[in-house]
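Every number for a ligand or one of its atoms is a count from 1 in the order of the listing. This one's a predicted model, so the numbers in the text were calculated from it and none came from an experiment.
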Amino acid sequence: MVPGARAPAASVLRGLVALAGAAVLWFSGAAEARVLLTLDDFGAVGDGIANDTQAFVDAWTAACGSEEQAVLAVPVAKAYQIWPVQLSGPCKKKLKLLIAGTIVAPASPDEWAGRDPMKWLYIYGVDGLSVSGGGTIDGVGQEWWARSCKRKKTQALHFEECRGVSVQGVTLQNGPQFHLSFTRCTDVKANFLRVVAPADSPNTDGVHLNDSSRVQITDNLISTGDDCVSMVGNCSDVRVRDISCGPGHGIRI
Ligand SMILES: *[C@@H]1O[C@H](CO)[C@@H](O)[C@H](O)[C@H]1NC(C)=O
Ligand SMILES: *[C@@H]1O[C@H](CO)[C@@H](O)[C@H](O)[C@H]1NC(C)=O
Ligand SMILES: *[C@@H]1O[C@H](CO)[C@@H](O)[C@H](O)[C@H]1NC(C)=O
């Protein structure tokens with residue numbers, strides 16, 4: 001065995017991982033997407049410390065207004081700190097949000113001062129958005145849990161008034177409370193997700209539905225402090241299948 005043989009092996013592996021990441025874009029690009037935009041194109045830093053909110057908003061505006069189908073990518077191996085934002089539709093074409101890296105919330109609930117706690121990544125009025133990419137949405141909920149008893153439910157990734165939205169193959173972790181919410185949405189898929197928060201974190205629901213219909217929630221691993229799936233209001237045609245759920249409270253209707 002040559003001394004130092006491990007280092008080249010590791011870098012070959014990294015190269016393959018990078019290649020696999022590029023291939024995903026390549027194939028989806030050939031099949032349906034014409035334009036690839038990344039947060040970095042709009043000045044995001046991606047060090048987990050800088051405020052990349054405006055870059056995210058600018059990238060969304062460009063992707064959503066694109067005349068050709070766009071992929072908006074959150075680059076792999078980087079972390080983008082995002083303050084509460086509203087990203088609005090409708091978009092000109094179907095949009096793909098490819099989260100390969102990490103989106104992190106500011107750690108302190110004080111950063112929400114004067115803002116609606118129900119909205120961190122708040123996506124309003126979209127039709128035909130898919131979220132995928134294998135990355136992570138980290139709500140950094142630790143300080144929220146320590147100060148529990150908030151009246152309004154904080155919602156990490158929250159869609160309102162949406163149609164044809166799918167969220168697949170990403171990790172949602174340590175949400176202040178609800179991890180993924182749909183309010184007044186139809187034709188929704190939430191599949192192949194990992195949703196994780198500590199067992200003792202208060203009110204950390206996995207997927208929350210409010211006044212939504214035609215919803216598929218399948219093949220998810222949900223391990224949070226409260227309900228895996230909860231529903232309020234007028235929800236219909238909701239299919240929940242193959243969910244690994246625990247140690248929280250299961251499914252609440
Ligand atoms: C981060 O940027 C967003 C958007 O420009 C802004 O609303 C927010 O207040 C900024 N946060 C800080 C701490 O500067
Ligand atoms: C359900 O959605 C309505 C708006 O459509 C809102 O007023 C209400 O607070 C929501 N309830 C929950 C528990 O999220
Ligand atoms: C509940 O939702 C269904 C499907 O969206 C709709 O047809 C029905 O009118 C709603 N019922 C009420 C009481 O709002």
Side-chain angles (χ1 to χ4, degrees), residues 39-62 64 74 79-89 102-127 138-140 143-144 148-165 172 175-190 202-217 224-239 248-249 251-253:
L39 295 195
D40 294 2
D41 299 337
F42 293 82
V45 177
D47 62 359
I49 298 163
N51 184 349
D52 287 328
T53 313
Q54 195 57 48
F56 193 20
V57 170
D58 292 346
W60 172 275
T61 304
C64 184
V74 176
Y80 297 85
Q81 188 174 197
I82 306 295
W83 266 254
V85 279
Q86 172 163 346
L87 306 170
S88 297
T102 300
I103 295 178
V104 293
S108 173
D110 297 339
E111 300 293 339
W112 264 255
R115 304 176 204 255
D116 185 344
M118 292 185 43
K119 302 168 180 173
W120 172 37
L121 304 174
Y122 176 71
I123 303 184
Y124 181 83
V126 292
D127 186 345
D138 187 344
V140 196
E143 281 195 41
W144 291 89
S148 57
C149 301
K150 290 264 181 255
R151 259 186 307 134
K152 274 187 144 182
K153 300 281 186 193
T154 320
Q155 322 209 355
L157 178 56
H158 184 182
F159 293 90
E160 184 158 0
E161 295 280 6
C162 73
R163 267 180 41 190
V165 167
L172 294 131
Q177 290 180 330
F178 297 173
H179 285 82
L180 173 60
S181 302
F182 296 95
T183 302
R184 286 180 283 130
C185 288
T186 54
D187 296 303
V188 168
K189 288 182 185 158
N203 296 314
T204 50
D205 286 18
V207 183
H208 177 72
L209 305 177
N210 182 355
D211 287 339
S212 293
S213 58
R214 297 205 293 274
V215 181
Q216 274 183 31
I217 302 173
T224 59
D226 207 319
D227 302 326
C228 289
V229 177
S230 59
M231 288 175 226
V232 299
N234 178 16
C235 293
S236 59
D237 196 1
V238 176
R239 286 151 209 241
H249 299 174
I251 295 170
R252 184 197 310 230
I253 302 172

Item to check | Any N or O of N210 closer than 3.5 Å to N or O of ligand 2 | outcome: yes
Next on the checklist: Does D52 form a side-chain contact (heavy atoms from CB on, under 4.5 Å) with V45? I'd like the steps, not just the answer.
Outcome noted: CA-CA 7 Å; D52 287 328; V45 177; 3.8 Å; yes
Checklist entry - Please state which protein non-hydrogen atom is closest to atom 3 (C) of ligand 3 and give its distance, to 0.1 Å? => result N234 ND2, 3.7 Å
Next on the checklist: So is H208 touching ligand 2 or not, going by heavy atoms under 4.0 Å?
Outcome noted: yes
Next on the checklist: My question is simple, although I want it checked carefully: is atom 9 (O) of ligand 2 less than 4.0 angstrom from any protein heavy atom?
Outcome noted: no
Checklist entry - How close does the nearest protein non-hydrogen atom get to atom 11 (N) of ligand 1, and which residue and atom is it? => result N51 ND2, 2.9 Å
Checklist entry - Where on R115 is there a heavy atom closer than 4.0 Å to ligand 1, on the side chain, on the backbone, on both, or on neither? => result side chain
Item to check | Pair I103-F56, side-chain contact (heavy atoms from CB on, under 4.5 Å): steps then yes or no | outcome: CA-CA 10 Å; I103 295 178; F56 193 20; 4.3 Å; yes
Next on the checklist: Has W60 got a side-chain atom pairing as donor or acceptor with S88's backbone, closer than 3.5 angstrom?
Outcome noted: yes
Item to check | Cationic N near anionic O, under 4.0 Å, R214 to D187 | outcome: yes
Checklist outcome for this item: Nearest non-hydrogen protein atom to atom 5 (O) of ligand 3, with distance, is S213 OG, 3.8 Å
Item to check | For Q54, atoms of ligand 1 separated by under 4.0 Å from a heavy atom | outcome: 4 (C), 5 (O)
Checklist entry - For ligand 2, which atoms have a heavy atom of T183 less than 4.0 angstrom away? => result 2 (O), 5 (O)
Next on the checklist: Testing the 3.5 Å rule here: is there a donor-acceptor pair between the side chains of E111 and W83?
Outcome noted: yes
Checklist entry - Do other residues, nucleotides or ligands put more than 12 heavy atoms under 6.0 Å from R184 CZ? => result yes
Checklist entry - Is any side-chain heavy atom of D110 less than 4.5 Å from a side-chain heavy atom of E143? => result no
Next on the checklist: Please check this pair: side chain of T154 against backbone of P176, looking for a donor-acceptor N/O pair closer than 3.5 Å.
Outcome noted: no
Checklist entry - Counting heavy atoms only, which of M118, R184, H158 is nearest atom 4 (C) of ligand 2? => result R184
Checklist entry - Which protein non-hydrogen atom lies closest to atom 13 (C) of ligand 1, naming both residue and atom, and how far is it? => result W83 CZ2, 3.4 Å
